[in-house]
Protein chains: 2
Amino acid sequence: MAGREAVSVTAPLYQLKAEFFRTLGHPVRIRVLELLSQREHAVAELLPQVGVEPAHLSQQLAVLRRANLVVGRKEGSSVRYSLTSPHITGLLTVARTILTGVLTGQAELLQDLRAVAPETGPPPHQPHQPRQPQPS
Amino acid sequence: MAGREAVSVTAPLYQLKAEFFRTLGHPVRIRVLELLSQREHAVAELLPQVGVEPAHLSQQLAVLRRANLVVGRKEGSSVRYSLTSPHITGLLTVARTILTGVLTGQAELLQDLRAVAPETGPPPHQPHQPRQPQPS
DNA sequence: TTACCAATTGCAAACATTAGCAACTGAAGG
DNA sequence: CCTTCAGTTGCTAATGTTTGCAATTGGTAA
């Protein structure tokens, strides 16, 4: 039990931020948070959407619970999960915006590479113009 | 055969998002991004601020470079780094907001635990009062 | 009661990341 | 030339995370 302290009052803020982002750094957990951004979901509803076996989903839900990003509420024989903060939805949106930019940058880089003709002169290296669109 | 389909030919979006967040999930990298949020910094300027040995910082900068979150520009014998997107600054801000809420929630939980006298009644569970600003 | 279903937990193997050290490149100065 | 400084890269032991399986809990129905 050494590594993870439940609530460290003294941990530096950037350490906490890193742990926070690390919590988001898993496909299943992202998927869950996106689904919960739309509305509350029972585990049985999440299961087919994320396509992993129940035990695995439960583990990842536990991670999100420990990080206080979601809460589970028992209802009959099932458990319904929801976000603890609406800001999380915003965070995912901003992340997508950045990701779009990053991918655009990489696409441009690819194009630059492709623009270099096999045996002709040196790479032109166009001066970099940012992009407009943001698809889903 | 219907059912679990990988959704996209290329990497699914939530996979990319997870990788993106994982990139942020390290104290040194967070520290660097925060410093670069203020202004451009040379590696030699970052070094004393983050307090790790040069090789380690270089590795973490390489991670951020590969993720296309920062760019390095050689200037004389030093390298100056800057963010590729101003949105990153916003992301860190939103993250702090969420983190503040999360920590507030945990603090309340601690207080609840503390409020339970050794042999007296059940935990009172106060109804949730929103937060107070917090320093960087 | 027993059986079943939804969800969770514990554990160990497979996997990925981190951090420290030595070696290397490239530029500036003697 | 040689030396030094700023950064980077390669390698590897230590560490942390993921994930599949078995066992478990708690609720519901027969």
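Protein chains get the first letters and strands the later ones, always in sequence-line order, with residue 1 at the start of each. Hydrogens, waters and symmetry mates play no part in the numbers below; they use all other heavy atoms, side chains included.
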Side chain of A/E53: nearest nucleotide among D/dG7, D/dC21, C/dA7? D/dC21
To the nearest angstrom, the NZ-C1' distance between B/K74 and D/dA6 comes to 9 Å
DNA chain C: A/S77 or A/A62, which has the more 5' nearest nucleotide? A/S77
Mind checking if B/S78 touches a base, just sugar-phosphate, or nothing, with heavy atoms under 4.0 Å? sugar-phosphate
Looking at CD1 of A/I30 and CD of A/Q60, how far apart are the two atoms once the value is rounded to the nearest 0.5 Å? 11.5 Å
May I ask you to say what B/S58 touches in the nucleic acid, namely base, sugar-phosphate or nothing, with a heavy-atom cut-off under 4.0 Å? base
Nearest whole angstrom, please: distance from the P of C/dA16 to the NE2 of B/H26. 18 Å
Separation of D/dT17 P from A/F21 CZ (nearest whole Å): 17 Å
For a quick check, tell me whether the side chain of B/Q59 and the base of C/dA19 share a donor-acceptor pair closer than 3.5 Å. yes
If you compare all heavy atoms of B/L92 against all heavy atoms of B/S37, which two are closest, and at what distance to 0.1 Å? CD1-OG, 3.9 Å
Spacing of B/R66 atom CZ relative to C/dT18 atom P, expressed in whole Å: 10 Å
Quickly, which of A/H41, A/E40, A/R65 forms a side-chain hydrogen bond (donor to acceptor under 3.5 Å, both in side chains) with A/Y81? Name it, please. A/R65
Just the rounded figure in Å: distance from C1' of C/dT8 to CD of A/Q60. 13 Å
Would you say C/dA6 has OP1 or OP2 under 4.0 Å from some side-chain N or O of A/Y81? no
Starting at the 5' end of DNA chain D and moving along, which residue's nearest nucleotide shows up first, A/E75 or B/L61? B/L61
d(CZ, A/R73; C1', D/dG26) in whole Å: 17 Å
What contact category does B/R65 fall into here, base, sugar-phosphate, or nothing, at under 4.0 angstrom with non-hydrogen atoms? sugar-phosphate
Under the criterion side chain to side chain contact (heavy atoms under 4.5 Å, CB included), which of B/L91, B/T23, B/L99 is the partner of A/F21? B/L91
If you assign each of A/G76 and B/R22 to its closest nucleotide in DNA chain D, which residue comes earlier from the 5' end? B/R22
Measuring from the side chain of B/A55 (C-beta onward, heavy atoms only), which nucleotide among C/dA22, D/dT19, D/dG7 has the closest atom? C/dA22
In whole angstrom, what separates B/R80's CZ from D/dT8's P? 13 Å
Sugar-phosphate only, base, or nothing, as touched by B/R29 at under 4.0 Å among non-hydrogen atoms: sugar-phosphate
d(NE2, B/H56; C1', C/dT18) in whole Å: 6 Å
Is the shortest distance from a Lys or Arg side-chain nitrogen in A/E75 or A/R73 to a carboxylate oxygen in the other one below 4.0 Å? yes
Considering every strand and a 4.0 Å limit on heavy-atom distances, what is the contact class for B/G72: base, sugar-phosphate, or nothing? nothing
